[in-house]
Protein chains: 2
Amino acid sequence: MSIDHERGIPVYEQLAEILRAQIASGELQPERALPSGKTLVQRYGVARGTVDHAIALLKEEGLVYVLKGKGVYVFKRS
Amino acid sequence: MSIDHERGIPVYEQLAEILRAQIASGELQPERALPSGKTLVQRYGVARGTVDHAIALLKEEGLVYVLKGKGVYVFKRS
DNA sequence: TGGGATTTGTTCGTATGTATC
DNA sequence: TGATACATACGAACAAATCCC
């Protein structure tokens, strides 16, 4: 999975979809932290603001919760 | 009403509160557009992204609606 | 006790794309 | 066509919280 700037779909939405898929597949596991914002920036070649936007979507969807200074954690599926 | 960067409360929240008060008082009227992002930037000395954040709060609260390419409009109170 | 590294939160600056008038 | 305005996206900087040594 990678980002395509020419696809019309916003980059932050593409990144959110990548993370959703990784959560759904179990690649990102409950009670474990996602890669840090810095790591996501480097891995996907996007800006920090774009990462924040994607994470905000996952928070609104109830997929993750954030602990400031620690990381972004995956909720256990109900 | 003005922004105080030393108050601890995020500037975007302060700006949102200013706009809420102006809506509540009737200074900003239903079906009329808010001042543009650029105007808010100049009037309150904040950044465009901060204005966007404040406006996003008002949207989530159902106080305003956005017409892309036109402006941010105040909902009529129910 | 303290300092450094890491991570998220917030803010500011700038630019481009798209839609409306 | 040009001006206006929101959405998106890049980069940069500092603060706050956390962790480890």
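Each chain gets a letter, A, B and so on, in the order the sequences are listed, and its residues count up from 1.
- Within the 4.0 angstrom heavy-atom criterion, only backbone atoms of the sugar-phosphate kind lie near A:Lys70; the bases stay farther away.
- Here A:Thr50 reaches the OP1 or OP2 of D:dC10: one of its side-chain N or O atoms lies under 4.0 Å away.
- Taking the six-membered ring for Trp and thresholds of 30 and 60 degrees, B:Tyr65 and B:Tyr73 have nearly parallel ring planes, at less than 30 degrees apart.
- Using a 4.5 Å heavy-atom threshold, the side chains of A:Leu19 and A:Gln22 count as touching.
- Mapped onto DNA chain D by nearest heavy atom, A:Leu67 and A:Val51 fall at different nucleotides, with A:Val51 at the one closer to the 5' end.
- For A:Glu6 and C:dT16, the CD to P distance is 15 Å, given to the nearest whole Å.
- Listed candidates were C:dT10, D:dC6, D:dC10. Nearest to the side chain of A:Val46 is D:dC10.
- The side-chain heavy atoms of B:Leu40 and B:Val46, taken from C-beta on, include no pair separated by under 4.5 Å.
- A pairwise comparison of heavy atoms in B:Ala16 and B:Leu57 identifies CB-CD1, 4.0 Å as the closest pair.
- Taking only side-chain atoms of A:Pro10, from C-beta outward, the nucleotide of D:dA7, D:dC6, D:dA9 with the closest atom is D:dA9.
- Between the CZ atom of B:Arg48 and the P atom of D:dA7 there is a distance of 8 Å, rounded to whole Å.
- Here D:dC10 is the nucleotide among D:dC10, D:dA16, D:dT8 with the atom lying nearest to any side-chain atom of A:Ala47.
- Contacts of residues 32-44 of chain A with DNA chain D (heavy atom under 4.0 Å): none.
- Here A:His5 lies in heavy-atom contact (under 4.0 Å) with sugar-phosphate atoms only.
- Closest approach of A:Phe75 to A:Gly62, counting heavy atoms only: CD1-O, 3.2 Å.
- As judged by a 4.0 angstrom heavy-atom cut-off over every strand, A:Gly71 is placed among residues touching the sugar-phosphate backbone only.
- Contact check for B:Leu28 versus B:Pro35: side-chain heavy atoms found under the 4.5 Å cut-off.
- Remark: P of C:dG17 and CG of B:Asp52 are 18 Å apart, rounded to the nearest angstrom.
- Summarising the geometry, the separation between CG on A:Asp4 and C1' on D:dA9 is reported as 15 Å, rounded to the nearest angstrom.
- Rounded to an integer number of Å, the gap from OH of A:Tyr65 to C1' of C:dG9 is 18 Å.
- Contact annotation: B:Tyr12 reaches the phosphate of C:dT10 (side-chain N/O to OP1 or OP2, under 4.0 Å).
- Residues B:Tyr44 and B:Leu15 have side chains in contact (heavy-atom distance under 4.5 Å, counting atoms from C-beta outward).
- Straight-line distance from the CD1 atom of B:Ile55 to the P atom of D:dT8: 15 Å, rounded to whole Å.
- Rounded to whole Å, the distance from CD1 on A:Ile9 to P on C:dT18 is 14 Å.
- The distance between atom CZ of A:Arg7 and atom P of C:dG17, rounded to the nearest whole Å, is 19 Å.
- With D:dT8, C:dT10, C:dT11 as the choices, the nucleotide that has an atom nearest any side-chain atom of A:His53 turns out to be D:dT8.
- Between A:Arg7 and A:Glu13 there is no salt bridge, since no side-chain nitrogen of the basic residue lies less than 4.0 Å from a carboxylate oxygen of the acidic one.
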